Asker: 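Following this message is one structure expressed as structure tokens.
As the structure is a computational prediction, the values presented were derived from the model and not from experiment. Below, read A as the first sequence line, B as the second, and so on, with proteins coming before strands; counting in each chain starts at 1. Atoms considered below: every heavy atom in the structure, side chains included; atoms not considered: hydrogens, waters and symmetry mates.
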Amino acid sequence: MAKKQKNTRPKARLPRGFVDRSADDIRATDKMIAAIRQVFELYGFDPLETPAFEYTDALGKYLPDADRPNAGVFSLTDDDDQWMSLRYDLTAPLARHVAQNINDIQLPHRTYRAGYVFRNEKPGPGRFRQFMQFDADTIGAPNVSADAEMCMMMADTMEQLGIERGDYIVRVNNRKVLEGVLEAAGLAGDDHAGTRLSVLRSIDKLDKFGIDGVRQLLGAGRKDESGDVTEGAGLDKGQIDQVIAYVETGDVDGNEGVAELATIEQLVRAAGYGADRIKIDPSVVRGLEYYTGPVYECELLFDVTNEKGETVQFGSVAGGGRYDGLVKRFTGQQVPATGFSIGVSRLMTALKNLGRLDASHVKPPVLVCVMDRDIQSVTRYQAMVQELRAAGIRSELFQGNPKDFGKQLKYADRRGCAVAVIEGADEHAAGEIQIKDLIEGAKMAAQIESREEWTEARAAQVSVPRDHLVTTVRDVLSRHEG
RNA sequence: GCCGCCUUAGCUCAGUUGGUUAGAGCGCCGGAUUGUGGAUCCGGAGGUCCCCUGUUCAAACCAGGGAGGCGGUACCA
């Protein structure tokens with residue numbers, strides 16, 4: 001029978017691409033969010049929260065030919081048979097919110113929001129199916145000064161997060177410029193729509209594969225490490241040279257986008273942001289779906305290593321752009337908007353691996369041990385914990401099985417507690433308590449070889465009057481500060 | 001999706017020209033030690049050898065299929 005039961009036990013496992021988050025990660029995330037929020041608030045943005053689910057058509061992910069949401073999103077049908085999906089970014093839900101409340105919203109509308117988004121796709125190193133984004137957007141802002149502001153705010157945010165100047169770069173481009181290049185290469189018109197997509201994707205791969213890689217992708221194709229072939233855009237040599245020349249110089253004649261970029265550059269330079277922080281970069285492409293003008297992204301310039309010590313390609317940690325058509329989908333009126341999104345989870349990985357995120361500020365608690373198990377004694381131990389807490393000292397009563405005292409100290413040791421408080425019958429009779437410095441004790445343990453000696457030593461332990469509890473604990477804690 | 005590699009104890013892994021009861025280290029639990037963490041010593045628990053089918057007297061090992069994991073690539077709002 002027992003065997004049979006075993007077969008029906010569920011396997012404890014996570015859905016692929018999802019992770020549990022540890023105490024350290026949560027605290028680090030909270031800290032990052034607080035830093036980002038501080039910058040956004042300072043710039044005059046207000047918070048907004050939208051739900052994790054939206055009706056699928058509001059996200060704009062319906063296949064034209066099937067009554068079924070597109071791949072890439074997690075979807076289900078509500079009890080009225082309507083398709084709902086988990087949001088895959090924070091921009092589409094914002095557009096829905098603005099369209100829905102357009103009469104009550106004072107434009108320009110400046111908002112920010114943090115939240116988890118979900119993507120139903122193959123996870124990769126550092127890429128998950130649930131991750132956090134932190135967005136800022138200005139809705140109803142037709143001029144590129146709003147885009148320039150976004151770039152500057154991105155830079156400020158990086159510095160607020162502790163990333164030093166020179167360790168990040170905000171790169172800016174313009175969709176209109178890219179379209180101009182494609183036109184100049186003879187790729188205008190509906191016939192070449194597919195090719196245009198391929199070309200843009202190829203340009204986007206510059207930082208990953210370099211100029212030669214981009215050339216291959218623009219032409220016949222490229223082979224990856226496993227030997228798999230990526231089909232190329234199939235341009236001829238003249239067209240490839242034309243595109244590569246643009247990527248290298250950023251030149252396109254008489255293009256509206258070029259003028260916009262010049263304005264952005266002028267604005268940010270006037271505000272004191274040099275090319276070491278914000279620069280025009282012709283290889284920036286961003287998402288292909290809805291951007292209509294300036295696009296920008298922020299990249300980290302230092303090496304990030306993974307657990308195995310290998311340097312990893314990190315890519316951009318934030319990105320955004322102008323999306324003038326997104327609200328129009330709902331209302332029919334043009335509502336120009338621009339905004340960007342920070343990949344909080346990714347950025348945290350980078351900062352953590354770099355040791356730039358002092359993840360654990362939180363000190364382990366002081367442990368009050370349970371020596372005598374009668375109710376009178378336990379109430380005394382409880383009172384000690386209350387006293388410590390009232391003094392603002394993080395502390396806990398041992399809540400495991402108290403019959404083995406050694407286990408309690410072992411628990412304190414594993415938890416990293418600095419102090420254990422011990423009061424047995426002897427101490428109680430004398431009106432004393434034992435305060436044990438576990439960190440000092442661990443150092444002493446290294447000097448001791450025999451078990452007996454170690455047990456006898458009662459390492460780094462002092463006996464003090466009961467009413468010295470708080471002051472003595474505080475002394476020991478401060479000894480280990482910093 | 002496509003390409004490659006991988007899957008044996010909680011973890012990291014060994015294992016075999018196909019041959020009895022499948023191993024190690026670490027971890028875990030118990031004891032030496034029922035009032036003191038570490039080190040040491042002794043003992044113990046823990047396995048559908050990823051799943052299915054086939055070949056064979058015999059499969060953890062061979063063959064076919066499948067699943068899962070990792071990595072690359074594609075897609076990425």
Side-chain angles (χ1 to χ4, degrees), chain A residues 3-4 6-7 9 11-17 59-61 70-73 85 87-93 95 117-127 129 133 197-198 201-202 204-205 208-209 213 217 221-232 285-291 306 308 310 312-313 315-316 319-321 323 326 341 343 367 369-373 402-417 420 422-427 434 436-461:
Chain A
K3 275 229 166 100
K4 229 175 192 165
K6 191 169 179 182
N7 287 337
R9 279 183 196 151
K11 194 170 180 191
R13 55 182 193 148
L14 280 166
R16 101 203 177 104
L59 295 178
K61 293 304 279 192
N70 204 342
V73 299
S85 298
R87 62 187 176 195
Y88 52 80
D89 69 10
L90 298 176
T91 311
V117 302
F118 304 84
R119 295 187 185 179
N120 188 3
E121 61 196 9
K122 194 193 128 178
R127 297 189 59 178
R129 297 207 287 176
Q133 291 192 333
L197 272 179
S198 299
R201 283 170 187 155
S202 305
D204 199 31
K205 297 285 188 306
K208 203 167 182 184
F209 300 136
L217 286 169
R222 181 182 171 278
K223 221 184 243 186
D224 77 17
E225 279 173 32
S226 67
D228 190 33
V229 178
T230 304
E231 208 183 319
V285 177
R286 300 301 305 166
L288 303 167
E289 206 107 331
Y290 55 59
Y291 291 125
N306 62 17
K308 293 171 193 158
E310 302 156 343
V312 294
Q313 277 280 350
S316 68
Y323 50 96
L326 214 50
S341 173
L367 183 72
C369 298
V370 176
M371 187 65 88
D372 295 316
R373 288 182 270 158
K403 82 163 190 277
D404 184 351
F405 179 66
K407 275 244 167 67
Q408 301 189 34
L409 285 184
K410 192 169 178 174
Y411 168 82
D413 192 40
R414 298 274 165 98
R415 280 214 71 175
C417 298
I422 304 161
E423 188 213 49
D426 298 348
E427 286 85 1
Q434 304 272 342
K436 191 173 180 69
D437 180 340
L438 292 162
I439 295 172
E440 192 53 35
K443 286 182 195 155
M444 291 170 66
Q447 317 292 323
I448 298 173
E449 272 129 46
S450 84
R451 174 76 207 177
E452 292 70 31
E453 199 187 334
W454 168 239
T455 309
E456 280 303 303
R458 298 200 170 179
Q461 196 169 320

Asker: Could you tell me whether A/Thr91 contacts a base, only the sugar-phosphate backbone, or nothing, with contacts defined as non-hydrogen atoms closer than 4.0 Å?
Answerer: nothing

Asker: Nearest-Å distance, CE (A/Met444) to P (B/G37)?
Answerer: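 Interatomic distance, CE of A/Met444 to P of B/G37: 13 Å.
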
Asker: Using atom types as modelled and distance alone, determine if a side-chain donor or acceptor of A/Lys436 lies under 3.5 Å from a backbone N or O of A/Ala459.
Answerer: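 Such a contact is found between A/Lys436 side chain and A/Ala459 backbone.
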
Asker: Under 4.0 Å: is that the gap between some side-chain N or O of A/Trp454 and OP1 or OP2 of B/G37?
Answerer: yes

Asker: What is the distance from CG of A/Asp413 to C1' of B/G37, rounded to the nearest Å?
Answerer: 5 Å

Asker: Verify the contact: side-chain N or O of A/Arg201 to OP1 or OP2 of B/C75, cut-off strictly under 4.0 Å; return yes or no.
Answerer: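 For B/C75, OP1/OP2 do have a side-chain N/O of A/Arg201 under 4.0 Å.
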
Asker: Starting the side chain at C-beta, find the nucleotide from B/U73, B/G38, B/C76 nearest to A/Arg127.
Answerer: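 Per side-chain heavy atoms of A/Arg127, the pick is B/C76.
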
Asker: Less than 3.5 Å between a donor and an acceptor, one on the side chain of A/Gln408 and one on the base of B/U36, is that the case here?
Answerer: no

Asker: Looking only at side-chain N and O atoms, does A/Arg414 come under 4.0 Å of OP1 or OP2 in B/C28?
Answerer: yes

Asker: Determine the Euclidean distance between corresponding P atoms of B/G46 and B/G30; express it in Å to zero decimal places.
Answerer: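 Straight-line distance between the two P atoms is 16 Å.
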
Asker: Please state how far atom CG in A/Leu326 lies from atom P in B/A77, giving the value in whole angstrom units.
Answerer: 13 Å

Asker: Given side chains that start at C-beta, do those of A/Lys403 and A/Arg373 come closer than 4.5 Å, heavy atoms only?
Answerer: yes

Asker: Check the distance between B/A77's P and A/Phe118's CZ and give it to me in whole angstrom.
Answerer: 18 Å

Asker: What's the closest nucleotide to the A/Arg119 side chain, out of B/C76, B/U36, B/G72?
Answerer: B/C76

Asker: Using only side-chain N and O atoms of A/Lys208, determine if any of them is under 4.0 Å from OP1 or OP2 of B/U73.
Answerer: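 Indeed, a polar side-chain atom of A/Lys208 lies that close.
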
Asker: Taking OP1 and OP2 of B/G35, is either one under 4.0 Å from a side-chain nitrogen or oxygen of A/Lys403?
Answerer: no

Asker: Of the nucleotides B/U73, B/G37, B/C75, which has the atom closest to the A/Phe209 side chain?
Answerer: B/U73

Asker: Taking the minimum atom-to-atom distance to the side chain of A/Lys410, which one of B/U36, B/G38, B/G30 wins?
Answerer: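 Nucleotide nearest to A/Lys410's side chain: B/G38.
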
Asker: When you measure from the side chain of A/Arg129 to the backbone N and O of A/Arg16, does any donor-acceptor pair fall under 3.5 Å?
Answerer: yes

Asker: Quick one: label A/Tyr290 by what it contacts on the DNA or RNA (base, sugar-phosphate, nothing), any heavy atom closer than 4.0 Å.
Answerer: sugar-phosphate

Asker: Check if the side chain of A/Glu427 and the base of B/G35 share a donor-acceptor pair of N or O atoms closer than 3.5 Å.
Answerer: yes

Asker: Can you tell me which nucleotide in B/G30, B/G37, B/U36 comes closest to the side chain of A/Ala442?
Answerer: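 Looking only at side-chain atoms, A/Ala442 lies closest to B/G37.
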
Asker: As a test of reading the structure: which of B/A77, B/G38, B/A74 is closest to the side chain of A/Thr230, going by heavy atoms?
Answerer: B/A74

Asker: Run A/Val229 and A/Glu231 through side chain to side chain contact (heavy atoms under 4.5 Å, CB included) and show every step you take.
Answerer: CA-CA 6 Å; A/Val229 178; A/Glu231 208 183 319; over 6 Å; no

Asker: So does A/Ala425 get a backbone contact from the side chain of A/Asp372, meaning a donor-acceptor N/O pair under 3.5 Å?
Answerer: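 Between the backbone of A/Ala425 and the side chain of A/Asp372 there is a qualifying donor-acceptor contact (under 3.5 Å).
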
Asker: Report the residues that fulfil side chain to side chain contact (heavy atoms under 4.5 Å, CB included) with A/Ser341, sequence neighbours left out, ordered by chain and then residue number.
Answerer: A/Gln133, A/Asp135

Asker: Taking atom C1' in both B/U17 and B/U56, compute the distance separating them and give it to the nearest angstrom.
Answerer: 15 Å

Asker: Grab the CG-P distance between A/Asp204 and B/C76 for me, whole Å please.
Answerer: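 Spelled out: CG on A/Asp204 to P on B/C76 is 9 Å.
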
Asker: Less than 4.5 Å apart, any side-chain heavy atom of A/Thr455 and any of A/Ser450?
Answerer: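 Answer no - side chains too far apart.
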
Asker: Measure the distance from NZ on A/Lys122 to P on B/C75 and round it to the nearest whole Å.
Answerer: 13 Å

Asker: Given B/G35, B/C76, B/A77, which nucleotide is nearest the side-chain atoms of A/Tyr291?
Answerer: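 Closest nucleotide to the A/Tyr291 side chain: B/A77.
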
Asker: Are A/Arg415 and A/Leu367 packed together at the side-chain level, in the sense that at least one heavy-atom pair is separated by less than 4.5 angstrom?
Answerer: no

Asker: Looking across every strand, which nucleic acid part, if any, lies under 4.0 Å from A/Lys205 by heavy atom: base, sugar-phosphate, or nothing?
Answerer: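 Here A/Lys205 touches the backbone only, sparing every base.
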
Asker: Please classify the nucleic acid contact of A/Ala457 as base, sugar-phosphate, or nothing, using heavy-atom distances under 4.0 Å.
Answerer: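 Answer is nothing: A/Ala457 stays at 4.0 Å or more from every strand.
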
Asker: Looking for any heavy atom pair under 4.0 Å, which part of the strands does A/Asp426 touch: base, sugar-phosphate only, or nothing?
Answerer: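 If one applies the 4.0 Å heavy-atom cut-off, A/Asp426 turns out to touch a base.
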
Asker: With respect to the phosphate group of B/C2, does any side-chain polar atom (N or O) of A/Lys223 fall under 4.0 Å of OP1 or OP2?
Answerer: no

Asker: Identify whether any heavy atom of A/Asp437 sits under 4.0 Å from a base atom; if not, whether one sits that close to sugar-phosphate; answer base, sugar-phosphate or nothing.
Answerer: base

Asker: Output the single nucleotide from B/G37, B/U73, B/G35 whose closest atom is nearest the side chain of A/Arg222.
Answerer: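 Looking only at heavy atoms from C-beta outward on A/Arg222, the closest nucleotide is B/U73.
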
Asker: Considering only heavy atoms and no angle criterion, is a donor-acceptor pair shorter than 3.5 Å present between the side chain of A/Arg451 and the base of B/A32?
Answerer: no

Asker: In whole Å, what is the span from the CG atom of A/Leu438 to the P atom of B/G37?
Answerer: 11 Å

Asker: I'd like the P distance from B/C51 over to B/U7, given in whole Å.
Answerer: 13 Å

Asker: Say whether, by atom type as modelled, one donor and one acceptor occur between the side chain of A/Tyr88 and the main chain of A/Leu59 under 3.5 angstrom.
Answerer: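 Between the backbone of A/Leu59 and the side chain of A/Tyr88 there is a qualifying donor-acceptor contact (under 3.5 Å).
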
Asker: Quick one: on RNA chain B, does A/Arg286 or A/Arg16 contact a more 5' nucleotide (nearest heavy atom)?
Answerer: A/Arg16

Asker: Once Watson-Crick and G-U wobble pairs under 3.5 Å are found, how is RNA chain B written in dot-bracket notation, 5' to 3', with | for any base paired to another strand?
Answerer: (((((((..((((.....[...)))).(((((.......))))).....(((((..]....))))))))))))....

Asker: In whole angstrom, give me the gap between the P atoms of B/G66 and B/G4.
Answerer: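 It works out to 14 Å between them.
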
Asker: Stacking check: are the rings of A/Tyr88 and B/A77 less than 5.5 Å apart at their centres and under 30 degrees in tilt?
Answerer: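 A/Tyr88 ring centre within cut-off of B/A77 base, planes near parallel; stacks.
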
Asker: Name the nucleic acid region contacted by A/Leu59, choosing base, sugar-phosphate or nothing; use a 4.0 angstrom heavy-atom cut-off, strictly under.
Answerer: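 It contacts nothing in the nucleic acid.
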
Asker: Are the side chain of A/Gln408 and the backbone N or O of A/Pro402 linked by a donor-acceptor pair below 3.5 Å?
Answerer: yes

